Novice: 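Quick one: the structure is below, and I'll ask about it shortly.
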Amino acid sequence: MDKPFDCLIVGAGPAGCQAAILLGRYDHRTLVIDAGYGRSTLCRSYNNILGWPDGISGEQLRLLGKFHAMQYGVQFVEDQVQTAEAKEEGFLLKGSKGDVYRGKLLLLATGLIDRLPDWPELTACLGRSIYVCPDCDGYEVADRKTIVIGSGEAGAHMALSLRLRTDQLAYVNHEQKPLSPEIVQQLAAKEIGYKEVEVSQLLTERGGYFQGVRLKNGETLLADKAFVAFGGNHVRSELAEQLGIECEPHHHIPTDPRTKQTRHPGVWAVGDVGVHSQLATIAMGEGAQAAIWMNKALLSDT
Ligand SMILES: Cc1cc2nc3c(=O)[nH]c(=O)nc-3n(C[C@H](O)[C@H](O)[C@H](O)COP(=O)(O)OP(=O)(O)OC[C@H]3O[C@@H](n4cnc5c(N)ncnc54)[C@H](O)[C@@H]3O)c2cc1C
């Protein structure tokens with residue numbers, strides 16, 4: 001049987017890659033397993049990261065992180081981890097192709113997936129002209145004609161929060177989930193145009209530039225920017241749940257705020273799968289934080 005790794009990391013987004021860089025520099029044998037699809041593979045441009053004033057795409061950031069960690073001997077494999085089991089000597093993970101990975105400590109950096117409609121034009125625009133997070137990209141819509149496309153109250157709350165940034169705002173309730181009369185009143189009071197109708201097509205220009213939407217009722221709304229807010233995001237905490245870790249009501253994995261360790265011995269969790277504001281920079285910080293405490297755990301074990 002192959003010697004177990006010191007650390008197994010599931011997820012090669014900003015959180016997993018940053019942890020891998022530190023663990024590699026501590027000389028711990030580290031394996032990163034990644035399925036290749038997450039929020040950081042979707043975002044075409046992060047515009048608020050130190051060192052990247054002109055923005056950097058998620059793919060580029062991930063690649064830089066991977067190559068950086070590989071300099072210290074960290075290994076990467078593409079696979080979807082299906083199961084996680086605790087064993088006496090550590091953890092045993094099984095991948096979708098039947099491969100088995102063994103390690104003393106486990107770091108879950110599996111992120112979350114936004115619930116988004118299956119519009120072919122959407123992906124090229126994400127992070128470039130269509131956004132998901134007002135903390136990240138509220139700045140990008142300042143005084144710009146903006147449409148929030150969403151579902152029920154999730155979309156309405158997004159529109160209300162963006163009203164501080166622009167007064168040229170409309171909310172299209174694509175799934176037509178009913179709004180409370182109070183919310184409808186608030187939208188009207190803030191002069192946010194409200195449409196309860198399905199979007200039939202996103203209008204975009206090559207290069208990921210949003211131009212507007214065509215609605216099922218035949219209307220066309222033009223705008224420079226959009227936000228999407230559908231609610232019901234999928235927090236990828238299944239592996240933690242398999243290990244018996246009790247997650248928060250929305251499935252985020254709770255951790256110690258100082259160490260990022262979960263309640264399960266030997267298991268850490270960082271990034272969007274945990275409980276915090278969902279930013280790449282925070283995910284990186286947490287990855288570093290967990291690596292420091294994983295190193296302490298490995299040293300105290302020797
Ligand atoms: C459109 C958009 C714009 C954004 N803009 C900004 C911004 O401007 N600034 C900012 O700071 N943040 C921004 N964010 C948020 C940012 O992308 C996330 O906070 C960040 O990606 C979280 O990193 P993570 O490593 O926790 O998760 P992710 O980046 O989601 O990575 C998780 C990885 O884990 C892998 N994985 C999951 N489950 C498994 C499994 N079972 N087996 C193997 N691999 C698995 C996935 O394939 C994925 O690669 C934006 C997000 C989106 C979608």
Side-chain angles (χ1 to χ4, degrees), residues 8-20 31-53 55-63 65-66 76-84 93-97 99 101 106-116 122-141 208 210 225-230 233-243 251-253 255 260 268-288 290:
L8 295 174
I9 300 177
V10 188
C17 281
Q18 184 66 69
L31 176 71
V32 184
I33 309 154
D34 187 76
Y37 179 76
R39 296 188 95 200
S40 51
T41 65
L42 288 177
C43 183
R44 297 286 178 263
S45 183
Y46 293 128
N47 296 315
N48 53 10
I49 296 189
L50 178 70
W52 301 97
I56 179 167
S57 73
E59 283 291 6
Q60 203 185 343
L61 191 67
R62 289 166 61 99
L63 215 56
K66 179 177 174 178
F76 284 75
V77 62
E78 199 179 320
D79 199 353
Q80 169 93 28
V81 177
Q82 305 280 23
T83 61
L93 308 181
K94 281 193 191 142
S96 57
K97 297 165 254 172
D99 291 317
Y101 310 100
L106 175 62
L107 175 63
L108 299 173
T110 43
L112 64 77
I113 288 290
D114 299 86
R115 186 167 78 85
L116 296 172
L122 181 62
T123 21
C125 297
L126 284 172
R128 195 166 280 147
S129 59
I130 302 184
Y131 311 101
V132 298
C133 158
D135 295 307
C136 301
D137 291 311
Y139 179 88
E140 305 294 325
V141 304
F210 177 77
K225 301 280 184 178
F227 261 79
V228 280
F230 285 84
N233 295 341
H234 170 200
V235 180
R236 298 162 111 180
S237 52
E238 292 85 353
L239 298 175
E241 281 164 359
Q242 285 177 25
L243 290 165
H251 303 287
H252 292 279
I253 307 174
T255 54
K260 307 317 291 175
W268 277 256
V270 289
D272 283 6
V273 75
V275 186
H276 69 88
S277 19
Q278 292 156 10
L279 271 85
T281 40
I282 293 176
M284 287 190 264
E286 289 189 359

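Indexing begins at 1, ligand by ligand and atom by atom, following the structure's order. Starting from 1, each residue takes its place in the sequence as its number. Bear in mind that the values here come from a model prediction, so they are computed numbers and not experimental data. Values below: every heavy atom of this structure, side chains too, minus hydrogens, waters and symmetry copies.
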Novice: Can you tell me the protein heavy atom closest to atom 32 (C) of ligand 1 and the distance?
Specialist: Ala109 O, 3.4 Å
Novice: So which heavy atom in the protein is nearest atom 27 (O) of ligand 1, and how far is it from that ligand atom?
Specialist: Gly111 CA, 3.6 Å
Novice: Would you say the side-chain atoms of Asn233 pair up with the backbone N or O of Leu112, donor to acceptor, closer than 3.5 Å?
Specialist: no
Novice: Is the closest N or O pair between Val81 and ligand 1 shorter than 3.5 Å?
Specialist: yes
Novice: How far is atom 20 (C) of ligand 1 from its nearest protein heavy atom, and which residue and atom is that?
Specialist: Asp272 OD2, 3.8 Å
Novice: Any N/O of Gly11 closer than 3.5 Å to an N/O of ligand 1?
Specialist: no
Novice: What heavy-atom pair brings Gln278 and Cys136 nearest, and what distance separates the two atoms?
Specialist: O-SG, 4.4 Å
Novice: If you compare all heavy atoms of Ser96 against all heavy atoms of Gln82, which two are closest, and at what distance to 0.1 Å?
Specialist: CB-NE2, 3.3 Å
Novice: Between the main-chain N or O of Ala240 and the side-chain N or O of Ser237, is there a donor-acceptor pair closer than 3.5 Å?
Specialist: no
Novice: Does any N/O atom on Gly271 come nearer than 3.5 Å to any N/O atom on ligand 1?
Specialist: no
Novice: For ligand 1, is Tyr46 a contact, meaning one of its heavy atoms is under 4.0 Å away?
Specialist: yes
Novice: Which residue and atom name correspond to the protein heavy atom nearest atom 37 (C) of ligand 1, and how close is it?
Specialist: Thr110 O, 3.2 Å
Novice: Determine whether more than 12 heavy atoms belonging to other residues, nucleotides or ligands lie under 6.0 Å from atom NE2 of His251.
Specialist: no
Novice: Leu42 vs Val132, test: side chain to side chain contact (heavy atoms under 4.5 Å, CB included). Steps then yes/no.
Specialist: CA-CA 11 Å; Leu42 288 177; Val132 298; over 6 Å; no
Novice: Side-chain contact test, heavy atoms from C-beta onward, threshold under 4.5 Å: evaluate it for Val275 versus Thr255 and give yes or no.
Specialist: no
Novice: Which ligand 1 atoms does Gly38 reach within 4.0 Å, using its non-hydrogen atoms?
Specialist: 30 (O), 48 (C)
Novice: Counting heavy atoms only, name the option from Gly127, Ala269, Gly55 that's nearest to atom 1 (C) of ligand 1.
Specialist: Gly127
Novice: Would you mind checking which non-hydrogen protein atom is closest to atom 53 (C) of ligand 1, with the distance to 0.1 Å?
Specialist: Asp114 OD1, 3.7 Å
Novice: Quick check: does any side chain N or O of Thr110 sit under 3.5 Å from a backbone N or O of Gly11, one acting as donor and the other as acceptor?
Specialist: no
Novice: Below 4.0 Å, non-hydrogen atoms only: which portion of Val10 touches ligand 1? Side chain, backbone, both or neither.
Specialist: side chain
Novice: For the pair Leu63 and Gln60, evaluate side chain to side chain contact (heavy atoms under 4.5 Å, CB included) and give the outcome as yes or no after the intermediate values.
Specialist: CA-CA 5 Å; Leu63 215 56; Gln60 203 185 343; 5.7 Å; no
Novice: Are any of the heavy atoms in Met284 under 4.0 Å away from ligand 1?
Specialist: no
Novice: At a 4.0 Å threshold, what atoms of ligand 1 neighbour a non-hydrogen atom of Asn47?
Specialist: 8 (O)
Novice: Which protein heavy atom lies closest to atom 52 (C) of ligand 1, and at what distance to 0.1 Å?
Specialist: Val132 CG2, 3.6 Å
Novice: Could you identify the single nearest non-hydrogen protein atom to atom 29 (O) of ligand 1 and state the distance to 0.1 Å?
Specialist: Ser40 OG, 2.6 Å
Novice: Please determine whether side chain to side chain contact (heavy atoms under 4.5 Å, CB included) holds for the pair Leu61 and Tyr46, giving the CA-CA distance in whole Å, both sets of side-chain angles, and the decisive distance to 0.1 Å.
Specialist: CA-CA 9 Å; Leu61 191 67; Tyr46 293 128; 3.9 Å; yes
Novice: Would Tyr131 and Leu126 satisfy side chain to side chain contact (heavy atoms under 4.5 Å, CB included), going step by step from the backbone distance to the final call?
Specialist: CA-CA 6 Å; Tyr131 311 101; Leu126 284 172; over 6 Å; no
Novice: Okay, side chain of Ser129, backbone of Gly208: is any donor-acceptor separation there less than 3.5 Å?
Specialist: yes
Novice: Please state which part of Gln80 comes within less than 4.0 Å of ligand 1, counting heavy atoms only: side chain, backbone, both or neither.
Specialist: both
Novice: Between Ala280 and ligand 1, is there a nitrogen or oxygen pair with a distance under 3.5 Å?
Specialist: yes
Novice: Relative to the heavy atoms of Gln278, which atoms of ligand 1 are at a distance of less than 4.0 Å?
Specialist: 15 (C), 19 (O)
Novice: Do NZ/NE/NH1/NH2 and the carboxylate oxygens of Arg39 and Asp114 come within less than 4.0 Å?
Specialist: yes
Novice: Can you figure out which of Leu122, Asp34, Leu108 has its heavy atom closest to atom 35 (C) of ligand 1?
Specialist: Asp34
Novice: Under 4.0 Å from a heavy atom of Arg62: give me the atoms of ligand 1 that qualify, with their elements.
Specialist: 48 (C), 49 (O)
Novice: Under 4.0 Å from a heavy atom of Ile33: give me the atoms of ligand 1 that qualify, with their elements.
Specialist: 43 (C), 44 (N)
Novice: Determine whether more than 12 heavy atoms belonging to other residues, nucleotides or ligands lie under 6.0 Å from atom CD of Glu78.
Specialist: no
Novice: Any heavy atom of Ile49 closer to ligand 1 than 4.0 angstrom?
Specialist: no
Novice: By number and element, which atoms of ligand 1 are closer than 4.0 Å to a non-hydrogen atom of Asp137?
Specialist: 5 (N), 8 (O)
Novice: State the atoms of ligand 1, each with its element, that fall below the 4.0 Å cut-off from a heavy-atom position in Gly13.
Specialist: 25 (O), 29 (O), 31 (O)
Novice: Does Asp34 come within less than 4.0 Å of Lys66, counting only side-chain N to carboxylate O?
Specialist: no
Novice: Counting only nitrogen or oxygen atoms and a 3.5 angstrom limit, does Asn48 reach ligand 1?
Specialist: yes
Novice: Between Gln242 and Ala84, is there a donor-acceptor pair closer than 3.5 Å when you use the side chain of the first and the backbone of the second?
Specialist: yes
Novice: Heavy-atom contacts with Cys43 under 4.0 Å: which atoms of ligand 1 show up? List them by number with element.
Specialist: 2 (C), 3 (C), 4 (C), 5 (N)
Novice: Can you pull out the closest protein heavy atom to atom 23 (O) of ligand 1? Residue, atom name and distance to 0.1 Å, please.
Specialist: Pro14 CD, 3.4 Å
Novice: Determine yes or no for a side-chain-to-main-chain donor-acceptor pair under 3.5 angstrom, with Glu286 supplying the side chain and Gly271 the backbone.
Specialist: yes
Novice: Geometry only, no angles: is Thr41 polar-contacting ligand 1 at N/O separations under 3.5 Å?
Specialist: no
Novice: Looking at non-hydrogen atoms alone, which of Cys17, Ala35, Gly16, Ala12 comes nearest to atom 45 (C) of ligand 1?
Specialist: Ala35
